[in-house]
Asks: 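Encoded as structure tokens, here's the structure I'll be asking about.
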Amino acid sequence: MSSVNSQVFETYESEVRSYCRNFPAVFTRAKGPFLYDEEGREYIDFFCGAGALNYGHNPDMIRNRLVEYLQNDGVMHALDMYTQPKREFIAFYENQILKPRGLNYKLQFPGPTGTNAVEAALKLARKVKKRTNIFAMMGGFHGMTLGSIALTTDASSRAGAGVPLTNVTHVPAPYMFPGLDTLQYIETLLTDDHSGVEKPAAIILETVQADGGIYPFPIEWLQGLRALCDRHDILMIVDDVQVGCARTGWFFSFERAGIVPDIVTQSKSIGGYGMPFALVLLKPELDLWEPGEHNGTFRGYQLSMVAAKAGLEMMLEEKVEEKVRDKGKIIAQAMDRIGAIAPSHIETRGIGFVWGVDLAGFDRETAGAASKRVLDICFQNGLIVERVGRGNSVVKVMPELLIDEETLGKGLKILEDAVKQMAGEQDK
């Protein structure tokens, strides 16, 4: 690979930049499951905008809607005033997404990021229940603003806050301690008058921890947590920012468990086209907001609503949920092969189109060294993957949901070969 013309970035862009350090290329074009750099090199994208591009890069149907809206001088910025795109989006979401699933939620449009949706959910839960504490799961990631970082457990993320992170009690995720009944642990925190823990307004969780290392929570555990919240008058908040929008094989990740959260946060792929957009879904009886009590200049960005509605239409027309459940078997089979390369050192986990290859067993001296080597080999061979989890030891596999089988298979083969090469190097 020839040298990358990155001088302007390295000279003038803040040191806070991160993903570009793993992918040394200047990208110029993208389509479907592919990215292209300025040298014309093609990459299969298993990073998928960190979950913001479930329908791939630049889908024609959504692009055409956006271009048409722009050419007709559609309203671009309207704060939270009434507009045609907002009316059409709300009506479609309620009638085509929520009602067929038997769900009754009102929609709140916070600022256009996942962390803003989480901040709004926290504020509302505390307002409704008149309690300050929140329970969150160890291994969870919920954003980088102060309220969200307080929920997030990644040490490096928390270190950037610069102030004490309070009013959150972290509890073990169900996979962390074999033999420990984590639901009983939470129950004890709530009922033991010597637990020293304040009753929370809400419990927030991802039903599949993504950045925590790809851990799908068991259905029975999710159902048990819903029952626990009901018993103790605690709101259940599901953060569906990354694993929602059909990523797990269901539009909402919690559908597989047959539960109904009190509040749901969405962002990333709800924007349809990689457009900035976020939603908070809340049960009607919780809608105690005063006008403007949570706001933002770019809440409900109009072009994002156009893209979001088109993305939902595409999701339904293409039967994306069914395709993910079906094609997810291809990924699962590839994960079995990868795990068999070194069974004592590799663990694979996942559901639908979100999987992880945990290489912590190879990290003899430096945490994350094995996964970084795999990432580098993949990139050299035209595949983009991300690292997550404890010590960044997990290679995250998140293809677009409409990827063709040939490209999916090619990307998985690149990953499998990269793991084999890394394992071979470790044996030397």
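In this chain, residues are counted from 1 in sequence order. Treat the numbers as computed from the prediction; the structure is a model and nothing was measured.
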Asks: With the threshold set at 4.0 Å, does a side-chain nitrogen-carboxylate oxygen contact exist between Asp233 and Arg131?
Replies: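 So Asp233 pairs with Arg131 through a salt bridge.
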Asks: About how many Å separate CD of Gln184 and CG of Leu228, when rounded to the nearest 0.5 Å?
Replies: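 Output value for this atom pair is 9.0 Å.
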Asks: Counting distance only, does the side-chain N/O of Thr145 pair as donor-acceptor with the main-chain N or O of Gly147 below 3.5 Å?
Replies: no
Asks: Checking Ser304 side chain against Gly271 main chain: does a donor-acceptor pair fall under 3.5 Å?
Replies: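 Not at all, since once roles are kept as given, no pair shorter than 3.5 Å links the two residues.
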Asks: Using a 6.0 Å cut-off, check whether atom CD of Gln84 has over 12 heavy atoms from anything other than its own residue.
Replies: no
Asks: Can Arg299 be said to sit on top of Phe109's aromatic six-ring, NZ or CZ under 6.0 Å from centre and within 45° of the ring axis?
Replies: no
Asks: Are the side chains of Lys199 and Lys129 in touch, meaning some heavy atoms are under 4.5 Å apart?
Replies: no
Asks: Can any side-chain N or O of Arg349 pair as donor or acceptor with the backbone N or O of Val357 at less than 3.5 Å?
Replies: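 The answer is no, because no donor-acceptor pair under 3.5 Å joins these two groups.
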Asks: Should we count NZ of Lys319 as having more than 12 external heavy atoms under 6.0 Å?
Replies: no
Asks: How far apart are the closest heavy atoms of Gln108 and Ala120, and which atoms are they?
Replies: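 So the two residues come closest at NE2-CB, 3.9 Å.
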Asks: Would you say the side-chain atoms of Asp262 pair up with the backbone N or O of Met236, donor to acceptor, closer than 3.5 Å?
Replies: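 Yes: the side chain of Asp262 pairs with the backbone of Met236.
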Asks: Would you give the length of the straight line joining atom CD1 of Ile259 to atom CG of Asp230, rounded to the nearest 0.5 angstrom?
Replies: 10.0 Å
Asks: Within 45° of the six-membered ring axis of Trp221 and under 6.0 Å from that ring's centre, is NZ or CZ of Arg226 located there?
Replies: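 Cation-pi check for Arg226 and Trp221: fails.
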Asks: Apply side chain to side chain contact (heavy atoms under 4.5 Å, CB included) to residues Met422 and Arg373 and explain how you reach the verdict.
Replies: CA-CA 7 Å; Met422 180 278 300; Arg373 179 62 180 143; 4.0 Å; yes
Asks: State the CG-OG1 distance between Leu279 and Thr265, to the nearest 0.5 angstrom.
Replies: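 Leu279 atom CG to Thr265 atom OG1 measures 10.0 Å (nearest 0.5 Å).
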Asks: Can Thr169 and Asn133 be said to form a side chain to side chain donor-acceptor pair (under 3.5 Å), step by step?
Replies: CA-CA 7 Å; Thr169 298; Asn133 197 25; 3.0 Å; yes
Asks: Are any side-chain N or O atoms of Asp240 and backbone N or O atoms of Cys245, one a donor and one an acceptor, separated by less than 3.5 Å?
Replies: no
Asks: Start with the C-alpha gap between Leu103 and Ile97, add the side-chain angles, then the distance that decides, and say whether side chain to side chain contact (heavy atoms under 4.5 Å, CB included) holds.
Replies: CA-CA 9 Å; Leu103 298 173; Ile97 300 297; over 6 Å; no
Asks: Supply the atom-to-atom distance Leu282 CG to Ile237 CD1, rounded to the nearest 0.5 angstrom.
Replies: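 If I round to the nearest 0.5 Å, the distance is 10.5 Å.
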Asks: Does any donor atom in the side chain of His232 or Glu187 lie under 3.5 Å from an acceptor atom in the other side chain?
Replies: yes
Asks: Look only at the side chain of Glu318 and the backbone of Val320, and say whether a donor-acceptor pair between them is shorter than 3.5 Å.
Replies: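 Side chain of Glu318 to backbone of Val320: no pair is present.
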Asks: Decide yes or no on salt bridge (Lys or Arg N to Asp or Glu O under 4.0 Å) for Arg21 and Glu10, but give the supporting numbers first.
Replies: CA-CA 10 Å; Arg21 300 178 189 273; Glu10 293 168 3; over 6 Å; no
Asks: Shortest non-hydrogen contact from Ala202 to Ala125?
Replies: CB-CB, 3.9 Å
Asks: Report yes if some heavy atom in the side chain of Phe254 is under 4.5 Å from a heavy atom in the side chain of Phe217; otherwise report no.
Replies: no
Asks: Please give me the minimum heavy-atom distance between Ser267 and Phe277, naming the atom from each residue.
Replies: OG-O, 2.8 Å
Asks: Picking from Thr153, Thr115, Asp239, Asp211, what satisfies side chain to side chain donor-acceptor pair (under 3.5 Å) with His142?
Replies: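 Testing each of Thr153, Thr115, Asp239, Asp211 against His142, the sole residue satisfying side chain to side chain donor-acceptor pair (under 3.5 Å) is Asp239.
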Asks: Could you point out which residue of Asp45, Ile331, Val385 forms a side-chain contact (heavy atoms from CB on, under 4.5 Å) with Pro399?
Replies: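 When Asp45, Ile331, Val385 are each tested with Pro399, the side-chain contact (heavy atoms from CB on, under 4.5 Å) holds only for Ile331.
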Asks: If you look at every heavy atom in Leu151 and Leu122, which pair is closest and at what distance?
Replies: CD1-CD1, 3.8 Å
Asks: Regarding Ser371 and Ser393, do their side chains bring together a donor and an acceptor under 3.5 Å, going by distance alone?
Replies: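 There is no such pair (donor and acceptor under 3.5 Å, judged by atom type) between the side chains of Ser371 and Ser393.
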Asks: Taking atom NZ of Lys283 as the centre, does the number of heavy atoms from other residues, nucleotides or ligands within less than 6.0 Å exceed 12?
Replies: yes
Asks: Would you find a donor on one side and an acceptor on the other, under 3.5 Å apart, between the side chain of Lys86 and the backbone of Asp80?
Replies: yes
Asks: Below 6.0 angstrom between ring centroids: does that apply to Phe135 and His170?
Replies: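 Here the rings of His170 and Phe135 have centres that are no less than 6.0 Å from each other.
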Asks: How close do Asp363 and Ala369 get, heavy atom to heavy atom, and via which atoms?
Replies: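 The answer is OD1-N, 3.4 Å.
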Asks: Side-chain contact, heavy-atom cut-off 4.5 Å: Val208 with Thr248?
Replies: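 Yes, side chains in contact.
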Asks: With rounding to the nearest 0.5 Å, note down the distance linking OG in Ser14 to OH in Tyr12.
Replies: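 Rounded to the nearest 0.5 Å, the OG-OH separation comes to 15.0 Å.
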Asks: Kindly say whether Val75 contributes a backbone atom to a donor-acceptor pair with the side chain of Tyr69 at under 3.5 angstrom?
Replies: yes
Asks: Keeping the roles fixed (side chain from Arg158, backbone from Ile149), state whether a donor-acceptor pair exists under 3.5 Å.
Replies: yes
Asks: Can you tell which of Phe47, Tyr43, Phe34, Tyr36 makes a ring pair (Phe, Tyr, Trp, His ring centres under 6.0 Å) with Phe27?
Replies: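 Result: among Phe47, Tyr43, Phe34, Tyr36, Tyr43 is the only option passing the ring pair (Phe, Tyr, Trp, His ring centres under 6.0 Å) with Phe27.
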Asks: Using the rule given for salt bridge (Lys or Arg N to Asp or Glu O under 4.0 Å), can you reason through Lys123 versus Glu293, listing the C-alpha separation, both sets of side-chain angles and the distance that settles it, and then say yes or no?
Replies: CA-CA 10 Å; Lys123 286 170 65 174; Glu293 193 172 5; over 6 Å; no
Asks: Going through the distances and angles, do Lys327 and Glu322 end up as a salt bridge (Lys or Arg N to Asp or Glu O under 4.0 Å)?
Replies: CA-CA 9 Å; Lys327 287 186 181 179; Glu322 296 175 21; over 6 Å; no
Asks: From Gln266 CD over to Leu281 CG, what is the distance, rounded to the nearest 0.5 angstrom?
Replies: 5.0 Å
Asks: Side chains of Asp154 and Thr152 only: does a donor on one sit below 3.5 Å from an acceptor on the other?
Replies: no
Asks: Are more than 12 heavy atoms, taken from residues, nucleotides or ligands other than Glu198, located less than 6.0 Å from that residue's CD atom?
Replies: no
Asks: Do NZ/NE/NH1/NH2 and the carboxylate oxygens of Arg247 and Glu321 come within less than 4.0 Å?
Replies: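 Salt bridge flag = no for Glu321 with Arg247.
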Asks: With a 4.5 Å limit on heavy-atom distance, are the side chains of Leu124 and His294 in contact?
Replies: no
Asks: Indicate yes or no: at least one non-hydrogen side-chain atom of Val280 is less than 4.5 angstrom from one of Ile263.
Replies: yes
Asks: Looking at Tyr273, does the NZ or CZ of Arg63 lie under 6.0 angstrom from its six-membered ring centre and within 45 degrees of the ring axis?
Replies: no
Asks: With no hydrogens and no angle check, do the side chains of Thr407 and Asp404 hold a donor and an acceptor under 3.5 Å apart?
Replies: yes
Asks: Mark yes or no for whether Ser148, through its side chain, and Gly143, through its backbone, hold a donor-acceptor pair below 3.5 Å.
Replies: no
Asks: Quick one, Gln96 and Leu312 - any side-chain contact, counting heavy atoms below 4.5 Å?
Replies: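 Contact flag for Gln96/Leu312 side chains = no.
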Asks: I'd like to check Lys410 versus Ile44 (side-chain heavy atoms, cut-off strictly below 4.5 Å). Are they in contact?
Replies: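 The answer is yes; the side chains approach within 4.5 Å.
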Asks: Check whether more than 12 heavy atoms from other residues, nucleotides or ligands sit under 6.0 Å from atom NZ of Lys106, and answer yes or no.
Replies: no
Asks: Which pair of heavy atoms, one from Tyr105 and one from Glu94, lies closest together, and at what distance?
Replies: O-OE2, 2.8 Å
Asks: Apply ring pair (Phe, Tyr, Trp, His ring centres under 6.0 Å) to Tyr19 and Phe23, showing your working.
Replies: CA-CA 7 Å; Tyr19 292 124; Phe23 310 120; 7.1 Å; no
Asks: Can you tell if the side chain of Leu288 reaches within under 4.5 Å of the side chain of Lys127, non-hydrogen atoms only?
Replies: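 Yes, their side chains come closer than 4.5 Å.
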